[in-house]
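Encoded as structure tokens, the structure appears first; notes follow it.
In this text the structure is predicted, and so the values were computed from the model without any measurement.
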Amino acid sequence: MTAEEFRPESERITRTLRDQIIDGTRAPGSRLVEREIAAELDVSRLPVRDALRDLVKEGLVTPRPRTWAVVREFTASDISDLIEVRSALEVLAFRLAAQRRTRAGLAKLRADLDAERAAAARGDGAEARRAAADFHETVTELADNALLTELEGTLRSRMRWLLGRHEDFAGMAEEHEELYRGIEARDVERVEELALRHLESSRSKATEHRRKPAEE
């Protein structure tokens, strides 16, 4: 049997729903009803219930009474809070990564970046965003700080949601390319400068994305 077959049913459902929320397949405010999801995924209601509980803990779902929930609607304040926390953690992560990167870590970071660039080139937004998120998570691994890794894990789903607001896939990949080169060169000062610029770009894109429905 494969590792996937050994994975608990609730974990598979959690991952499926998480990806759908981050990719926008399940829109903010949409209902998540146990029996409907169970029928859709051809599973019992119990693992769906467990999955929804996990997604509430991850900050992607808002619970409702009894057997349903809704996809979280992030407010402007929520996004601002996320970006402030992300800024503090990621500038530190990029700085430490530039100081502590290893050959194996750089190879993994390069693979994430190549996957992102390939997805961006073929216009696959979902894969480009996932690879971009992988890139950021690998940077945290390169930072080699256990507490930072723990904090990143707590916020991972919300950070992936935030990265999912990007639509300029090629532009984001190019920013990551510059960051990769700075980390490879151990140019800490340059990496900090690029990280701050990258975070400001993310803030701008997230704000633009949130305003779109109202303007259209």
I'd like to check [X] versus [Y] (side-chain heavy atoms, cut-off strictly below 4.5 Å). Are they in contact?
| X | Y | result |
| --- | --- | --- |
| E152 | L89 | no |
| L52 | W68 | no |
| V61 | V70 | no |
| R186 | R101 | yes |
| I183 | L142 | yes |

List for me each residue that meets side-chain contact (heavy atoms from CB on, under 4.5 Å) alongside D50, sequence neighbours excluded, and say none if there are none.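 Per chain and number, D50 pairs via side-chain contact (heavy atoms from CB on, under 4.5 Å) with S10, L46, R53.
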Can you measure from [atom1] ([X]) to [atom2] ([Y]) and round to the nearest 0.5 angstrom?
| X | Y | atom1 | atom2 | value |
| --- | --- | --- | --- | --- |
| T149 | D144 | OG1 | CG | 7.5 Å |
| E116 | D124 | CD | CG | 12.0 Å |
| E58 | R18 | CD | CZ | 4.0 Å |
| I22 | L60 | CD1 | CG | 5.5 Å |
| D112 | T138 | CG | OG1 | 3.5 Å |

Ion pair [X]/[Y], N-O distance below 4.0 Å:
| X | Y | result |
| --- | --- | --- |
| D19 | R129 | no |
| R181 | E178 | no |
| R156 | E137 | yes |
| D23 | R130 | yes |
| R26 | E40 | yes |
| E177 | R117 | yes |

According to the interplanar angle, ranging from 0 to 90°, do the rings of H198 and F94 count as parallel (below 30°), tilted (30 to 60°) or perpendicular (above 60°)?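 Rings of H198 and F94: perpendicular, as their planes differ by over 60°.
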R35, CZ atom: more than 12 neighbouring heavy atoms under 6.0 Å: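 Open.
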Output side-chain donor-acceptor pairs under 3.5 Å for residues 102-109, partner residues at least two apart or in another chain, one line each.
unit_1, atom_1, unit_2, atom_2, d
T102, OG1, G105, N, 3.0
K108, NZ, E141, OE1, 2.8
K108, NZ, E141, OE2, 3.0

Just checking, is any N or O donor in the side chain of Q20 or T25 under 3.5 Å from an acceptor N or O on the other one?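 No, T25 and Q20 have no side-chain donor paired with an acceptor closer than 3.5 Å.
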Ring of Y180, cation from R110 - is the NZ or CZ under 6.0 Å from the centre and inside 45° of the axis?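 Satisfied, under 6.0 Å and within 45°.
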Assess whether salt bridge (Lys or Arg N to Asp or Glu O under 4.0 Å) is satisfied between E193 and R190, documenting all intermediate values. CA-CA 5 Å; E193 176 188 332; R190 174 66 172 159; 3.3 Å; yes
